2 protein chains.
Amino acid sequence: MNDLRIVNHQVTLVDQVEDRLLGYFKDNNLGPGDPIPKELELAEALGVGRSVLREALSRLRMLGLIETRTRRGMLLAEPSLLRGMKRIVEPNMLSDKTLFNILGFRVALEIGMSEMIFQNLNKKHIEDLEDIVKRGVVKKFSEYTPVTEYEFHTKLYEVTGNSTIMEFQAIIRPVSVFLKERFQDYFLPINKELSKAGKLVSHKDLLDFLKKGDKEGFRRGMIDHFGPYYSFLKRENPFEKKN
Amino acid sequence: MNDLRIVNHQVTLVDQVEDRLLGYFKDNNLGPGDPIPKELELAEALGVGRSVLREALSRLRMLGLIETRTRRGMLLAEPSLLRGMKRIVEPNMLSDKTLFNILGFRVALEIGMSEMIFQNLNKKHIEDLEDIVKRGVVKKFSEYTPVTEYEFHTKLYEVTGNSTIMEFQAIIRPVSVFLKERFQDYFLPINKELSKAGKLVSHKDLLDFLKKGDKEGFRRGMIDHFGPYYSFLKRENPFEKKN
DNA sequence: AAATCATTATATGTCCGACAAATAACACAT
DNA sequence: ATGTGTTATTTGTCGGACATATAATGATTT
């Protein structure tokens, strides 16, 4: 705890202290459950005022990395992977590019889950999905209501049994909804056309693939289901000429 | 029944202020570039001391949501989606379950990217990948060195043109490395066996699929390439009996 | 002696006032 | 009009004070 002292005053002290603390935890192999020195001692060791230290601690507390109890001191805890992200996924705050990236992220993730879905799928899941499909509300041109979309896809995520993936999708879902709404001039005609041509992959189609155990069919179905998103992203990002 | 006890009797003021600020930004449709009131005004309006307000602001500053310049006041800025996550992805800090979830997340994402990869792939990408494969260092039993693994897969991510996905993979990569190392007793024999049986999908194999434009082959190849991870995760998570 | 209750000491939560540092805005000189 | 210096304002940092909760200790009761 002696080699923590701050010298450089370029970046704000709080930023540096935050860094130092993380480094301190790492270097000392501290993990969830381990106690850390009290505020006054840390401030002293870092050579900063208590307010600066507290701002840094506050940041780490937000991420769930630190838990504090009055009089009992501070403990490290397992941080929440996505708590930071959760606060800022807000269409108003993010650039179009980021929103498109998030949409692409979601599509890739959901398609990539197929393998896991087939690995974990059981009867209960099928029943639940059947129920969702049965209750599902369809607007014109085979378009689902947001709630129906939400239920079906959330269930698919659930089948993976991966709570991190589930948490992630719950956080970024508003982005898909937002984009679909904002660019409905693009999506509606496409859906209309696909629907007329009978090429639209419905939730029921996907469920049938699952029931038959048709992995490849399911994956192709998912890709088609997301087809409008793919073409949308391609259109919005026409010149990907990095490097 | 002892750990039901409520310890944190009150949500701290800082937590509440953080929430209020986010709500304020949202309700007023504020976005990147918009100025926000100065500290003293905010503290006054919120009815809290400046230090409490500053702790909350510090959290948002960490996420990149707020930029401040002395005397010029504070501006909203586009936050970084993953900056919060970046700080806490540290194997020592995360439970095994979370680490496994992250690995599964990565595998799903990387497989799901296939479609995007084929959409964006150009000659330059192929050349780069060929170069990486050519220079690649292989240890015994066809196992790649971490650097080679890193270069190849990073390049694949790059082809997607999705900077959010790229940033994400860069952050969580240490987890794969860590798990592979920690559970080498599991992975090494499997790789050895696959290698002997000639069933191991190499980077070169994957590249060949890309060159031939064989989308399905590439996807199957990726799944096989990640086969050991799949079986590992299945073993580590044998009873997924939620709901 | 064991259990219960009251007191004390201590760590975090919050407030406040002060000053430093940076710089936008203004005033002034050429 | 341009350049220069001064002033005012805003964030960054410090330190002290008190509130609150509670672990530790000691006192009281049975």
Side-chain angles (χ1 to χ4, degrees), chain A residues 1 4-21 24-25 30 32-77 79, chain B residues 1-21 24-25 30 32-77 79:
Chain A
M1 228 179 71
L4 289 175
R5 185 166 227 101
I6 299 280
V7 280
N8 178 2
H9 278 237
Q10 210 53 343
V11 190
T12 75
L13 272 180
V14 177
D15 292 329
Q16 296 175 61
V17 168
E18 190 201 333
D19 249 29
R20 289 293 184 110
L21 288 175
Y24 170 70
F25 302 153
L30 299 181
D34 291 331
I36 59 176
K38 56 193 184 195
E39 291 183 355
L40 286 174
E41 288 177 18
L42 284 174
E44 166 88 30
L46 287 156
V48 301
R50 192 172 161 228
S51 37
V52 166
L53 173 71
R54 276 187 61 84
E55 281 192 30
L57 289 173
S58 190
R59 294 176 173 186
L60 304 184
R61 210 153 27 232
M62 175 185 66
L63 301 175
L65 192 79
I66 293 180
E67 272 179 9
T68 91
R69 295 178 194 179
T70 312
R71 158 84 208 198
R72 239 184 108 181
M74 295 181 281
L75 299 178
L76 291 189
Chain B
M1 228 181 70
N2 287 327
D3 40 346
L4 285 180
R5 182 158 190 214
I6 292 182
V7 285
N8 223 351
H9 259 264
Q10 57 197 7
V11 181
T12 82
L13 264 183
V14 176
D15 293 328
Q16 297 175 56
V17 168
E18 190 202 332
D19 249 28
R20 287 294 185 107
L21 288 175
Y24 170 71
F25 302 153
L30 299 182
D34 292 330
I36 58 176
K38 55 194 183 194
E39 292 183 353
L40 285 174
E41 287 177 15
L42 283 175
E44 166 85 32
L46 288 157
V48 300
R50 194 173 158 225
S51 37
V52 166
L53 172 71
R54 277 187 60 83
E55 280 192 32
L57 289 173
S58 191
R59 294 177 173 185
L60 304 184
R61 211 157 20 234
M62 174 183 68
L63 301 174
L65 192 80
I66 292 180
E67 271 178 10
T68 93
R69 287 185 188 177
T70 312
R71 158 84 211 202
R72 242 186 104 180
M74 295 181 281
L75 299 178
L76 291 190

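It should be emphasised that the depicted structure is a prediction, and the values quoted were computed from it without experimental measurement. Letters A, B, ... mirror the listed sequences (proteins, then strands); counts begin at 1.
Within the structure, side-chain hydrogen bond (donor to acceptor under 3.5 Å, both in side chains) pairs that include any residue of residues 40-50 of chain B comprise B/Glu39-B/Arg50 (at least two apart or interchain).
As a whole-Å value, the separation of B/Met74 CE from D/dT9 C1' is 14 Å. One atom, CD of A/Gln16, and another, P of D/dG12, lie 13 Å apart when rounded to the nearest Å. Rounded to a whole Å, the CD atom of B/Glu44 is 10 Å from the P atom of C/dC16. The CD1 atom of A/Ile66 sits 14 Å away from the C1' atom of C/dA11 (whole-angstrom rounding). One interatomic measurement links the two molecules: CG of B/Leu46 to C1' of C/dC15, which rounds to 15 Å at whole-angstrom precision. Following rounding to the nearest Å, B/Asp15 (CG) and C/dG13 (P) show an atom-to-atom distance of 9 Å.
Of the residues in residues 55-65 of chain B, none has a non-hydrogen atom less than 4.0 angstrom from any atom of DNA chain C. Of the residues in residues 33-42 of chain B, those placing a heavy atom less than 4.0 Å from an atom of DNA chain D are B/Lys38, B/Glu39, in numerical order.
Side-chain contact between A/Ile36 and A/Phe25 is present, with heavy atoms from C-beta onward closer than 4.5 Å. Using a 4.5 Å cut-off on side-chain heavy atoms (C-beta onward), A/Met62 and B/Glu55 make no contact. Here the side chains of B/Leu13 and B/Leu46 are not in contact, with every heavy-atom distance at 4.5 Å or above.
What you find for A/Ala56 and A/Leu21 is that their closest heavy atoms are CB-CD1, 4.2 Å. Scanning all heavy atoms of the two residues, the minimum distance from A/Val14 to B/Ser58 falls at CG1-OG, 3.7 Å.
Relative to the side chain of A/Thr12, the nucleotides C/dT14, D/dG12, D/dG15 differ in distance, and D/dG12 lies closest.
With hydrogens and angles ignored, the 3.5 Å screen pairs a side-chain donor or acceptor of A/Gln16 with a backbone N or O of A/Val11.
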Between protein and nucleotides 17-25 of chain C, map the contacts as a letter string: B base, S sugar-phosphate only, - none, heavy atoms under 4.0 Å, written 5' to 3'.
-B--BBBBS
Report all side-chain donor-acceptor pairs from residues 63-77 of chain B shorter than 3.5 Å, counting only partners two or more places apart or in another chain.
none

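Within the structure, a side-chain polar atom (N or O) of B/Thr68 is placed less than 4.0 Å from OP1 or OP2 of D/dG12. At the phosphate of C/dG13, OP1 or OP2 sits under 4.0 Å from a side-chain N or O atom of A/Arg54.
With sequence neighbours excluded, the residues forming a salt bridge (Lys or Arg N to Asp or Glu O under 4.0 Å) with A/Asp15 are A/Arg59, listed by chain and number.
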